[in-house]
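This report refers to the structure that appears directly beneath it.
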Amino acid sequence: VGRPMPFDAQDNVFLLAGPVKIHPRALQAMAQPAINHRGGEFKEINRELHGLLQHLFQWDGDVALLSGAGTAGLESVVSSLLRPADRVLSLVNGKFSERTHELSALHSKEAKALTFPWGRAVDPQAVAAELETAKYAAVTVCHNETSTGVTNPLKEIAAVCRKHDALVLVDGITSVGGIEVRMDWGLDAVVTGSQKCIAAPAGLAAVAVSKRAYERLHSERAFYLDLKKHIDALRDKQDTPFTPAIPLFLALREALRMLKAEGLEARLRRTARLGEACRAAARAIDLDLFADERFASNTVSAIRYPANVPDDKFRAVLREEHRTVVSGGQDAIKGKVFRIGHMGICSFQDLAAGWTGIEATLAGFGHAFARGAAVAEIAKRA
Ligand SMILES: Cc1ncc(COP(=O)(O)O)c(C=O)c1O
């Protein structure tokens, strides 16, 4: 019996729920000598990025690019739109939507959470009923709950919010570029992060903003994250208000060029096929999804462990012996699920390789199933 190939940081099967695998072209784009971020060359880069971001969001209105994690984008939206007296409703059905509620509570004295069980989707009718009870200035919603692998029915939720004239503030961090999101559904602010569906390095947040939201932006509660400042600088001067993360801008440009070359529609369709393949693989070897199947995400699958499979050991064996990296569960479902990211430039080959390792590891822990059945489902759909 041969030894397993040792884990190789340069070459492994990287299936985290984000950050995700980065294409060498995007990585190489960062290996450049320093450039003047106030010179003409960088203006050109920003001009191109402005267009690429509008393409990503399918939006000819305002966009911003902030140097910071996805949360910086969320914080810029919330702090630049809400005022303490504004009533805000946060739709909470997982860890990330819970976080946005905490963030909203920092900026609004009237922040309320409308909660749904983890693994279930937000129910637009329940949102409508809550919006009948009080005048809300804004609603926050996480389009794709990465913690549970649930995609919320954003279009329906937005329609309900619009009827009640509440701003719709969207965490699209694991949906934009992987699952359809349209500003013309009535969305007011949509945030994404560079390290998810775009497949660029972590460290940048992109935001799209509606006209009516733009008109309500204020500068009373944010400085670095003052969203209007970022939007205006990019739109009017191809500039950034503060020193940008220059190498990350270069990597993002390359990753967005690749996305555009593939075609946004094609990327969404491919991601949907990968999601379906991953779910079929799980089913084929008697693993249950954590999410309500009707709302299962095409970018992230949360899969329940069979009895007696220990999370830490499972992921350690998967990594050390099958050089495959997946995410664990978070908070209440830590130890109960593992999560696979299948967004960005993830391929069927990546998924098949990952599931080869997952099958072997589960068999090693005594889970009984037809060996090869999961991988066959991936191959069938490739
Ligand atoms: C849906 C969602 N929202 C927010 C975040 C936080 O993003 P960041 O860590 O880039 O701030 C994540 C990260 O996994 C996410 O998946």
Side-chain angles (χ1 to χ4, degrees), residues 7-31 49 52-53 56 65-75 94-96 99 142-149 171-179 190-207 244-259 262 267 270-271 274-275 278 297-303 315-316 318-319 323-331 334 337-347 349-351 353-354 357:
F7 181 75
D8 179 352
Q10 300 285 331
D11 180 22
N12 53 65
V13 184
F14 199 75
L15 297 174
L16 281 190
V20 303
K21 180 172 94 169
I22 306 169
H23 194 281
R25 265 176 55 191
L27 289 171
Q28 282 154 12
M30 291 190 288
L49 275 168
L52 288 166
L53 289 172
L56 172 74
L65 182 58
L66 282 65
S67 298
T71 307
L74 293 171
E75 192 152 359
K95 180 186 170 72
F96 292 105
R99 263 202 205 163
C142 180
H143 186 196
N144 189 73
E145 240 313 341
T146 317
S147 60
T148 61
D171 173 346
I173 289 175
T174 47
S175 67
V176 174
I179 298 168
V190 178
V191 176
T192 194
S194 49
Q195 78 276 28
K196 307 284 189 176
C197 303
I198 303 170
L204 297 176
V207 189
I246 298 160
L248 298 180
F249 275 47
L250 295 172
L252 181 76
R253 178 175 66 162
E254 198 57 33
L256 285 173
R257 282 174 173 169
M258 292 182 69
L259 190 154
E262 180 178 356
R267 169 81 56 107
R270 189 169 56 74
T271 307
L274 288 167
C278 192
S297 165
N298 284 331
T299 57
V300 180
S301 295
I303 297 164
R315 285 188 296 128
L318 193 56
R319 182 187 136 99
R323 61 191 195 95
T324 293
V325 182
V326 300
S327 299
Q330 296 165 302
D331 291 0
K334 193 169 171 51
V337 302
F338 63 97
R339 293 175 302 142
I340 297 179
H342 29 75
M343 59 193 124
I345 59 167
C346 177
S347 65
Q349 288 73 15
D350 294 328
L351 264 194

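Scope of the values below: all heavy atoms of this structure, side chains included, with no hydrogens, waters or symmetry mates.
Side-chain contact annotation: Thr174 with Asn144, donor-acceptor N/O pair under 3.5 Å present.
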- Message: Before you tell me yes or no, could you show the steps for Cys197 and Thr299 under side-chain contact (heavy atoms from CB on, under 4.5 Å), namely the whole-Å CA-CA distance, both residues' side-chain angles and the distance that decides it to 0.1 Å?
- Response: CA-CA 8 Å; Cys197 303; Thr299 57; 3.9 Å; yes

- Task: Any chance you could lay out the side-chain contact (heavy atoms from CB on, under 4.5 Å) test for Ile22 and Phe14, step after step, and finish with the verdict?
- Result: CA-CA 9 Å; Ile22 306 169; Phe14 199 75; over 6 Å; no

- Task: Could you check Leu256 against Leu53 for side-chain contact (heavy atoms from CB on, under 4.5 Å), going step by step and ending with a plain yes or no?
- Result: CA-CA 8 Å; Leu256 285 173; Leu53 289 172; 3.8 Å; yes

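A distance of 12.0 Å separates CG in Asp331 from OG1 in Thr148, rounded to the nearest 0.5 Å. Atom CG in Asp171 sits 10.5 Å away from atom NE2 in His143 (nearest 0.5 Å). Expressed to the nearest 0.5 Å, how far NE2 of His23 lies from CG of Leu259 amounts to 13.0 Å. In this structure, OG on Ser297 lies 6.5 Å from NE2 on His342, to the nearest 0.5 angstrom. Between the CD1 atom in Ile179 and the CZ atom in Arg267 there is a gap of 13.0 Å [rounded to 0.5 Å].
With contacts defined as side-chain heavy-atom distances shorter than 4.5 Å, the pair Val191/Val207 qualifies. The side-chain heavy atoms of Leu65 and Leu252, taken from C-beta on, include a pair separated by under 4.5 Å. For the pair Asn298/Arg270, no side-chain contact is recorded, criterion being any heavy-atom separation below 4.5 Å from C-beta on. In this structure, the side chains of Cys346 and Val20 stay at 4.5 Å or more apart for every pair of heavy atoms. Counting heavy atoms from C-beta on, the side chains of Leu56 and Thr192 come closer than 4.5 Å. For the pair Leu274 and Asp350, the minimum side-chain heavy-atom distance is 4.5 Å or more. Counting heavy atoms from C-beta on, the side chains of Thr146 and Gln330 never come closer than 4.5 Å. Counting heavy atoms from C-beta outward, Leu248 and Met30 have side chains that approach closer than 4.5 Å.
The only option from Ile340, Val337, Val326 that meets the side-chain contact (heavy atoms from CB on, under 4.5 Å) definition with Ile303 turns out to be Ile340.
Although no hydrogens or angles enter the test, the distance criterion places no donor-acceptor pair under 3.5 Å between the side chain of Arg253 and the main chain of Leu52. Within the 3.5 Å criterion, the main-chain N or O of Asp11 finds a donor-acceptor partner in the side chain of Arg323.
In plain terms, the two heavy atoms of Ser194 and Pro201 that are nearest each other are OG-O, 2.7 Å. Summarising the geometry of Met343 relative to Ala17, their closest heavy-atom pair is CE-O, 3.4 Å, with the distance given to 0.1 Å. The two residues Thr71 and Ile173 have their closest heavy-atom pair at N-CD1, 4.4 Å. Of all heavy-atom pairs between Ala199 and Lys21, the closest is CB-O, 3.7 Å. The heavy-atom pair separating Asn12 from Ala9 by the smallest distance is ND2-O, 3.5 Å. Residues Gly94 and Glu145 come closest through the heavy atom pair C-OE2, 3.2 Å.
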